[in-house]
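Every number for a ligand or one of its atoms is a count from 1 in the order of the listing.
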Amino acid sequence: MDLRNNNLARLGSEDFDALVIGSGINGSVSAAALAARGLKVALIDARDFAGFTSQHSSNLVWGGIKYMEGYEFGLVAGLCNSRNELLESFPSTVKEIRFLMTINRQFRFHPLIILASTWLYWLLGRAKTRIPHLLSLRRIKQLEPLINTDISTAGIEYSDAFLHDNDARFVFNFVRCAMDKGCVAANYVASHGAARDTGGQWVTQAEDQVSGSRFEIRSKVLINAAGAFVDGHNRLTGIETEHHHLLSKGIHLLVPQISQNHRVLAFFADDERLFFAIPMANRTCIGTTDTQVEDPLVEVSDDDREFVLSNINARLDLPTPLTADDIIAERCGVRPLAIRKTETTIDVQQVSRKHVTEMDSAQMHISIFGGKLTDCINVGEEICDCVARLGLQLEPPRGKWYGEPGRRERAAYDARVQALGLDQIAAADTGEILSERLWRRYGADANQMLDAIEKDPGLCQPLIENTGIRRCEIDYIARHEMIVTLEDYLRRRSKIELLVSRSMLRQSAGLFEACEKLFGSEAKKRFDEYFNLSAKSDSDISQRSGSE
Ligand SMILES: Cc1cc2nc3c(=O)[nH]c(=O)nc-3n(C[C@H](O)[C@H](O)[C@H](O)COP(=O)(O)OP(=O)(O)OC[C@H]3O[C@@H](n4cnc5c(N)ncnc54)[C@H](O)[C@@H]3O)c2cc1C
C-alpha cells in the first residue's frame, strides 16, 4: 500500500496539468498518452483500475465485423487498423485467432454474401490477418465435431484477435505505463464533482474510498472518462455536451473448456446477433447479450443465463447439454454507447459503437463517450490532440507511447532467461513457459523477477495451485500493483477468479500465503472479507480447478 499512500498524498498536495477521472480503458490510455508527452497527469478511479465495464468485455481485439451490416465501413476500417496496431505492438498479449462462424439455415443472408463480407472485412483490415475461407458442412465437422451441423447451411473461417490474459490486465498495463512516465494514479478515489476557481484551475472534490478522507485535486484540464457515469459527472460539474450515453447490458458465462481446439466459435443467436464461445485458458467464455438498461449497476438475470445456455446448447452437439451447474463464473457489464442528445434512436443494437470526444475549450474540459478496448490507441492520440488544442504544451512524440518494450530489451531478457535456464521451465499445472508468462504480464519489469530468482531459485515454484502463478510474482505485485482488496488481485490483475471455483480457492494454502504478502497483518481480514462477500455460495458451484 506504500505506493498508493504515497500517490494519495501527492494527489492532494501537487498541481497537475490534467486530471483523468475513471481508469477504465479510455481513462488509462488517456493518462498514458499524456504522460508520455511530458504532461503532469493524475488518474483516479472510484473503484479498482478497470473495476467497471472494462473488466466485462468479450476480450476481443477486433474490427467489429458485425458493424458492416449497418454499413459502418469507416468505423470497421478504423477498428481493424487499431487491431493491427495492437497485434504488432503487443505481440505476447494480443494474439490473432481464427473464428469459425457457422451459418444457420434460414439465416437472413446467403453464405456467399457473408463470405463476401468477410473478404471485405479482411481487405478493410489491409489483409494483415489470415485469409477467410468458405467451409462446407463436412469441413466444419472435421474442424470442430462439436458443432451441430443439422441446423446449419455452411461456415466461414476468418481471423481477428483476442487478449491472452484479460481485459482488466490489459488496462492495468496502461496504468503502469502511465505511472512509469510520472502519472500519479490511485484506485478507490472517487470524484464528487469539480468546479473552477477564480484562477481558472479545476478543483476536484476527491474521497479516498478506503479511509473516507476527503481532499482536493487541482488541475488545468479535467478529463471525464467515467464510462457509464460520464453524464452524471458532467451534471456534477455543470458541463453541457451534445452527446450522452445509452447503456446496453452484456453478459458472459464461464464454463469448463468445451473444445480443445484453439479457436473462437461464432454463431448467430436466436435474436440474429453474433454470439461467441471464446477460449479463456482452460475454460470457455460464452456470450454475449445486448439489452438496453437505464441503471449502470447490472446483474446477470435468470433470463440472461437461460438465453446464453439455450443458444449454445442448440448450436453444439455436446455429450451433455450445459446447465447452470456448469457455470464457474459470470461476467456482466454495461456498454456506454455514444449518441447525440437530439437523436431519438432507442434500439441499442442499432447504435454505432464509435467513440466521441467532446471538448469544452472555455471550461478546459474533455468528455469521452463510447469506445471499445480495441479503439484505445485512437482515444489516447485524440486526447493528446484535444489537450494541445486547449493550449497545453506537449512534448513532441518520441516513438510510440504504448506497446511492449523493443526488440533489444527482449533480446537482453531472453539472454538472461537462457543463462538462468528458465527457458526450459514450464508450469506443471498450465504447461506455460515461465519466462513467457513473466514477459507477457510484466514487460521489462520481469527483469526484477529474474533478479529475485537468481538469488532464490525456489521462487520459480507455483504459489496458488492450478493457476500458473509463481512465487516470484507476488512480492512484485504487492509493491507495484496497488492491490487493495483480494478481488483486485483475483479478478483484475489476474483472472484466477474466472477460472477456479471459490471453494477450490478457499482451500488453497497458496492463496493465504499470497494474502500475507499482499496485505501483511490484514491478510486474514481481506481473505475473510472476500469469501464472506462472495455473491455465489460454494454449493452453487461445483469444485473445479483452472489455470491462467
Ligand atoms: C459485454 C461487453 C462485451 C464487450 N466486448 C468488447 C470486446 O470484445 N472488444 C472491445 O474492444 N470492446 C468490448 N466491449 C466494450 C468495452 O468493454 C467498453 O467500451 C470499454 O470497456 C469502456 O471503457 P470506459 O473506460 O469508457 O469505461 P469503464 O471501464 O467503465 O471505466 C470508467 C471508470 O470510471 C470510474 N468512475 C465512474 N465515476 C467516477 C467518479 N465519480 N470518480 C472516479 N471514478 C469514476 C468507474 O469506476 C470506471 O472504472 C464490450 C463491452 C461489454 C459490456
Relative to ligand 1, is [X] under 4.0 angstrom through side chain, backbone, both or neither, heavy atoms considered?
{"X": "W62", "answer": "side chain"}
{"X": "N59", "answer": "backbone"}
{"X": "H56", "answer": "backbone"}
{"X": "V189", "answer": "backbone"}
{"X": "V334", "answer": "backbone"}

Could you check whether any side-chain N or O of [X] sits under 3.5 Å from a backbone N or O of [Y], counting only pairs where one atom can act as donor and the other as acceptor?
{"X": "W202", "Y": "M364", "value": "yes"}
{"X": "E207", "Y": "S191", "value": "no"}
{"X": "Y121", "Y": "G64", "value": "yes"}
{"X": "R169", "Y": "R493", "value": "yes"}

Lys/Arg N to Asp/Glu carboxylate O, [X] vs [Y], below 4.0 Å:
{"X": "K128", "Y": "E96", "result": "no"}
{"X": "R502", "Y": "E497", "result": "yes"}
{"X": "R491", "Y": "E487", "result": "no"}

Any N/O pair [X]/ligand 1 closer than 3.5 Å:
{"X": "I21", "answer": "no"}
{"X": "T288", "answer": "no"}
{"X": "S58", "answer": "yes"}
{"X": "I251", "answer": "no"}
{"X": "L60", "answer": "yes"}
{"X": "R47", "answer": "yes"}
{"X": "T53", "answer": "yes"}
{"X": "A46", "answer": "yes"}
{"X": "T374", "answer": "yes"}

Would you say [X] touches ligand 1, if touching means a heavy atom closer than 4.0 Å?
{"X": "F162", "value": "no"}
{"X": "T289", "value": "no"}
{"X": "A228", "value": "no"}

(message) Classify the ring geometry of W62 against Y67: parallel below 30°, tilted from 30° to 60°, perpendicular beyond 60°.
(response)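 Because their plane-to-plane angle lies in the 30° to 60° range, the rings of W62 and Y67 count as tilted.
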For [atom], closest protein heavy-atom neighbour:
{"atom": "atom 16 (C) of ligand 1", "value": "L373 N, 4.1 Å"}
{"atom": "atom 34 (O) of ligand 1", "value": "G22 CA, 3.2 Å"}
{"atom": "atom 36 (N) of ligand 1", "value": "A226 CB, 4.0 Å"}
{"atom": "atom 19 (O) of ligand 1", "value": "G371 O, 2.8 Å"}
{"atom": "atom 49 (O) of ligand 1", "value": "D45 OD2, 2.6 Å"}
{"atom": "atom 26 (O) of ligand 1", "value": "N26 ND2, 3.1 Å"}
{"atom": "atom 14 (N) of ligand 1", "value": "S57 CB, 4.0 Å"}
{"atom": "atom 51 (C) of ligand 1", "value": "R335 CG, 3.6 Å"}

(message) Please list, in number order, the atoms of ligand 1 under 4.0 Å from a heavy atom of H233.
(response) 41 (N)
(message) I need the atoms of ligand 1 closer than 4.0 Å to a non-hydrogen atom of G250, numbered in the order shown.
(response) 1 (C)
(request) Determine, considering heavy atoms only, which of G193, S54, S191 sits nearest to atom 23 (O) of ligand 1. (result) S54
Does a donor on one side chain and an acceptor on the other come within less than 3.5 Å for [X] and [Y]?
{"X": "R126", "Y": "N84", "value": "no"}
{"X": "H252", "Y": "E330", "value": "no"}
{"X": "Q292", "Y": "S248", "value": "no"}
{"X": "H355", "Y": "D375", "value": "yes"}

(message) Taking the six-membered ring of Y489 as reference, does the cationic atom of R526 (NZ for Lys, CZ for Arg) lie under 6.0 Å from its centre and within 45° of its axis?
(response) no
(message) Measuring centre to centre across the rings, with the benzene-like ring taken for any Trp, is H480 within less than 6.0 Å of F172?
(response) no
(request) State, to 0.1 Å, how close D197 and R218 come at their nearest heavy-atom pair, and which atoms those are. (result)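 Taking D197 first and R218 second, the nearest heavy atoms are OD2-NH2, 2.7 Å.
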(request) Specify the closest pair of heavy atoms between H245 and G370, including all atoms of both residues, with the distance to one decimal. (result)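 Looks like NE2-N, 2.9 Å.
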